[in-house]
**Student:** 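Below are the structure tokens for one structure; questions will follow.
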Amino acid sequence: MVLPGFRFFRLSSLDREHDARHLASGRAAIALGRKVLSENPRPNIPKTKQREIKKPSPQQPDGFRMQAAVDRKRKAQERRSFERQQLSIANKHVAKAECVIREQVALIENLRCSGQDTKLAEETLRVFEANLQVMQEHRELIVRAIEETEEGLQGNLVSWPAPAWGKQGADSAEP
């Protein structure tokens, strides 16, 4: 029994070849991804404890404010260290991807020299290049995160407003 609104159709041989190429390209990309993951084990980076830093009230002595500022700076330094480790890993992945692309280009040249079809190899190369682009963008994100962390470290240790009595002398001075 055929349900109304449903049609049966057959794929042409060109459509089947096209689908087969895409499947093969996808399988090749998955296989390469698994190979890269197996060759590059996950880093063993210890997790940092997430501590909640409470803002001191204005009534608390300056020692508490100073400690909070020091804690913020230490946390920023830990974050920068973590980001630098991630940058190192990202650089290795980009280098590996560039190596794979060079190997794929050489494979395509060998196929051309021997008179074989290079369409699938070229599609795979495009997938590798797209993956490399994503890896490079991720690396740029890490670099920006490091720059932002360093900008935060270059600021003052204490970012609290100056007490009212400190401003009094400056406001009362006449030109």
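Count residues from 1 along the sequence.
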**Student:** If you measure from CD on E103 to CG on L107, what distance do you get to the nearest 0.5 Å?
**Tutor:** 9.5 Å

**Student:** Measuring from atom CZ of R79 to atom CD of E148, what distance do you get when rounded to the nearest 0.5 angstrom?
**Tutor:** 10.0 Å

**Student:** Run the side-chain donor-acceptor check on residues 118-126: report pairs under 3.5 Å with partners two or more places apart or on a different chain.
**Tutor:**
| unit_1 | atom_1 | unit_2 | atom_2 | d |
| --- | --- | --- | --- | --- |
| T118 | OG1 | E122 | OE2 | 3.1 |
| E122 | OE2 | R112 | NH2 | 2.5 |
| T124 | OG1 | L120 | O | 2.8 |

**Student:** If you draw a 6.0 Å radius around NE2 in H93, do more than 12 non-hydrogen atoms from other residues or ligands fall strictly inside?
**Tutor:** yes

**Student:** Enter the distance from R21:CZ to S25:OG here, rounded to the nearest 0.5 Å.
**Tutor:**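 R21 atom CZ to S25 atom OG measures 10.5 Å (nearest 0.5 Å).
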
**Student:** First locate atom CZ of R80, then atom CD of E147, and finally report the distance between them rounded to the nearest 0.5 Å.
**Tutor:** 12.5 Å

**Student:** Side-chain heavy atoms nearer than 4.5 Å, only ILVMFWY residues, links allowed to pass through others: does that put I108 and I101 together?
**Tutor:**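 Yes; I101 is reachable from I108 via cluster members.
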
**Student:** What are the two closest heavy atoms between L87 and R139, and how far apart are they?
**Tutor:**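 Distance-wise, the nearest heavy atoms are CD1-CG, 3.7 Å.
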
**Student:** Output yes when R74 and E78 qualify as a salt bridge under the 4.0 Å nitrogen-oxygen rule, no when they do not.
**Tutor:**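 Yes, this pair counts.
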
**Student:** For E129 and Q133, run side-chain hydrogen bond (donor to acceptor under 3.5 Å, both in side chains): C-alpha distance rounded to whole Å, both residues' side-chain angles, the deciding distance at 0.1 Å, then the answer.
**Tutor:** CA-CA 6 Å; E129 289 171 340; Q133 181 67 31; over 6 Å; no

**Student:** So, S114 side chain and N110 main chain: donor-acceptor pair closer than 3.5 Å or not?
**Tutor:** yes

**Student:** So, using side chain to side chain contact (heavy atoms under 4.5 Å, CB included) as the criterion, who are the partners of V94 when residues are at least two apart?
**Tutor:**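 Result, side chain to side chain contact (heavy atoms under 4.5 Å, CB included) vs V94: E98, L132, M135, Q136.
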
**Student:** Measuring from L14:CG to E17:CD, what's the distance to the nearest 0.5 Å?
**Tutor:**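 Reported to 0.5 Å precision, the distance equals 6.0 Å.
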
**Student:** Check step by step if side chain to side chain contact (heavy atoms under 4.5 Å, CB included) holds for E137 and L141.
**Tutor:** CA-CA 6 Å; E137 290 170 1; L141 286 173; 5.9 Å; no

**Student:** How close do E83 and I142 get, counting heavy atoms only, and between which atoms?
**Tutor:** O-CG2, 3.4 Å

